[in-house]
Amino acid sequence: MNNSSSTILVLDDEELVRANIVAFLEDEGFAVIPAESGEEALEILKSRPVDIGIIDMRLPGIDGNTFILQAHALNPRMRFMIHTGSINYTLPRELHEIGVRAGDVFRKPETSLADMLGKIRTFLE
Amino acid sequence: MTASIKNRLIRIILQASITSLVLAMLFVTLFDMRAFRRDAIETAVLISRVAGDYSVTELAFNNREESVRTLSRLRTIPHLESVAIYDEAGDLFSSYSAGDVTPPPSRMTVESPLAWRFSGRSLHVVRPIHHDGMYYGIITVRLSTSPLFSKILNHLALLLALAAVIVIITVLVATRLQRQISGPILKLAETAREISGKGDYSIRVEKSGNDEIAGLCDAFNSMLDQIQNRQAERDNAIGALMESEGRFRSLIDQSNDPLFVLENYRIVFVNPRFTAYMGYSPNEVTSGGFNILNLIAPEIHHRVVNLIRRMQRGDRVPNQYDLKGVTKDGAIIDFEVNFSFIEWNGKPGILGMLRDITSRKKTEEDLRKKQEELASVRMYLQNIIDSMPSLLIGVNPDMRVTQWNSEATRVTGIRQEDALGKEVTAVYPFIAPYEETVRLVLATGNPRKEERIAVPAGEETLYADLMVYPLSSENIDGAVIRVDDVSARVKIEQMMLQTEKMMSVGGLAAGMAHEINNPLGGILMGAQNFRRRLSPGLDKNTEVAREAGTSIEAINAYMEKRGLVTLLDGIQEMGERASGIVQNMLNFSRRSESKITQVDLRELMEKTLELAANDYDLKKKYDFRHMEIVREFGEDLPPVPCYPQEIEQVILNLVKNAAQALGSMDAASRPERPRIVLRLLARGDTAQIEVEDNGPGMDEKTKAKVFEPFFTTKKSGEGTGLGLSVSCHIIINNHKGDIRLETAPGKGAKFIITLPLTRN
């Protein structure tokens, strides 16, 4: 599989976390776009097609949920993985309705980046 | 009647007189005949002797003419028919015959001295003639008996004449007699006929004379008097009766009870209420074809038939019955029927009165039910009082026991019947220090409460709440003492307090988690990326190393030598441990928000084992790697509805306890292969989880307290003593399941949890 043909958006306000995911995915050969806030990420989506988004929930400005809903409105083919540090997080109904599943939720600290990679691969298949 | 009495009189008189007449004539005739015969015989004999004597000479001298002359002189003798004299030889010597009579025979023999006989209408006398002892011949004399017959005829004629006279006299006498005797009788009879014809009992018989007939008349008249009096009385009575019967009828008609009158067990009358009640019109029931059994429910027909049979036999029967009836519409009704015997239209009848008892029966039934209910309520209340875990003692104003429930019996060992009426402080010494409290309640009517009275009981302390409240009822004075063992509640409260503390820690942890998890994620991912970018397997690493004037192999060799790989592993490990600590702290806060889900217990067990394997405390002291973990998971176990985090917590706790127990054993007693067996099986409609170890086990005392809060065998500071009590709370209260322990010293311990497979 040619990973470079797929574009992944990493949206996280925690710089170290964002950088680590970006570094890992770049090493795997993906085209990776980092974003610090939902607003920034939406701007990016308007100019570039993105296949998958790895989205933190607690963000400055619009939160992860809102972003996903708006991103989905822009590009219904885009898939999302949720990466959250909140232990109380439950998948809201509206996200479920657009195809996000409980198995797409990753909790911080994610001790195995390989698990994340596995999910990305199933999305791309 | 007149003729018959007269005829009878005549007949009687005639019979009497003619019989005596005939008898008299018979005697006279017979007497005459005897006299006549005797006279005739005497005459003939005299003639024969006289004539014989006279004839001796003629015979002796054979002088026939003289003899004939002598004989002919006899002609003056009346009725002499013939005289004949025979000689010695028996030849006729001389004879005399009067008129044309049969001449005497010519020969005669003599057999006896004198013989006479009646022959035909004649008397024959034959006599030998003797003189001085000499036999001279025979003389025969024949006398006619015709005068005798004429005499008899005369008698008969006289008889008839007399009879005729008697008849005439008799008729005359009878007529007179009849006039004298039957006349008054006939008059009496006539009067009687008149009375009966007119029905007038005031008529009296006139009496004549002073004889028996007159007596009869007197008797008859006095009888008439009596009849007349009685008639008068009866007329009065009937008058009254008619009046009362009129009233009676109107009473019957107006009666509010259905009434009917039976004559010969047929209904002859019913009142309007009867029609209203039974649905039958008077015409319907009084018609000949109506059977009174139509009014009776078929199942009790035999009773009524029996009753009628007994009444017909004249047996004494009760006059009231509860019967089940059928109305014309076929409705079944209960009624009571009362009989009384009455005269109805001058004939004996039965007045029956129905009284509907459907409602009475229902009332009785209701009453019975109410009583039963009351009894059962009383029982129920007693049961409630007895079933209350509270000790309840009722006391009167004198502080004497009026109520003593079974808990009181259980606590004190004194039975209710022994406690009633005793001083409460005597039978329940516990109350003695609070006697004043009880008195205060009795005096003021305000309830009082003493909470958490500590009661030392052996090693432990029990807690009791005492409540004294006045009896609220108006007419009963007294108070109720209630004592509850609140030890368990107090302990639970203490436990709750502890849990709350931990919950607040958990809440804090939850709030902190996000903040901690982000940096932890950075650390852990950073460490992973760090290692990846040092790995020779990644083309980019080789490429970039070459660009930097070195090789990835050289860099790796450097890192090895400088111990950087180990340090990197340390970063990874420490990060993961921090993550684990946060996770553990979160368990408390997470529980509160979990939902019942269908859980595959096999997965849950694996996850729990993983958690246990990563448990810091376990790793530190009782390493799992030295223990054999045996999984005996039943294949047929369906998903179990539960709070997965809670069950996880419980099983983790049990596994940790097992591991700790195994780890705490000294080398000598430690089993060769320390083992923890985890079992999952389906048992009917429950799932069963077993956690078994082959550790040291527990003695009975420990076993009994193992689920109590704050009980621990661990060193101070190591265990909270809450693990198993929380587990117990989770399984029993939150999951409606059960947890129990099988253990003995040296035999290991086995905890068995059952969870229901269905939840309401």
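Lettering of chains follows the sequences in order, A, B, ..., and the numbering in each one begins at 1.
- When the shell of 6.0 Å around CZ of Phe633(B) is examined, it contains more than 12 heavy atoms from other residues, nucleotides or ligands.
- By the neighbour-count criterion of 12 heavy atoms within 6.0 Å, atom CD of Glu606(B) is densely surrounded, having more than that number from other residues, nucleotides or ligands.
- Not a single donor-acceptor pair under 3.5 Å links the side chain of Glu14(A) to the backbone N or O of Pro519(B).
- Dense packing is recorded around CD of Glu94(A), with more than 12 heavy atoms of other residues, nucleotides or ligands lying under 6.0 Å away.
- For Leu520(B), the parts lying near chain A are the backbone and the side chain together; criterion is any non-hydrogen pair under 4.5 Å.
- To the nearest 0.5 Å, atom NE2 of residue His83(A) and atom CG of residue Asn518(B) are 8.0 Å apart.
- Note that CG of Asn20(A) is 9.5 Å distant from CG of Leu524(B), once rounded to the nearest 0.5 Å.
- Gln528(B) is not listed as a side-chain neighbour of Phe24(A), based on a closest heavy-atom distance of 4.5 Å or more.
- Ranking Asp27(A), Leu16(A), Asp12(A), Val17(A) against chain B, the residue ahead of the rest is Asp27(A), based on heavy-atom pairs under 4.5 Å.
- A salt bridge links Arg532(B) to Glu28(A): at least one charged side-chain nitrogen sits closer than 4.0 Å to a carboxylate oxygen.
- Between Pro109(A) and Ser579(B), the closest heavy-atom pair is CG-OG, 3.4 Å.
- Under the 3.5 Å distance criterion, the side-chain polar atoms of Arg533(B) are matched with a main-chain donor or acceptor of Ala23(A).
- Atom CZ of Arg93(A) has 12 or fewer neighbouring heavy atoms from other residues, nucleotides or ligands inside a 6.0 Å radius.
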Original post:
How far apart are the C-alpha atoms of Asn517(B) and Thr84(A), what are their side-chain angles, what is the distance that settles it, and do they pass the side chain to side chain contact (heavy atoms under 4.5 Å, CB included) test?
Top reply: CA-CA 9 Å; Asn517(B) 280 341; Thr84(A) 178; over 6 Å; no
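- Other residues, nucleotides and ligands contribute at most 12 non-hydrogen atoms within 6.0 Å of the CZ atom of Phe530(B).
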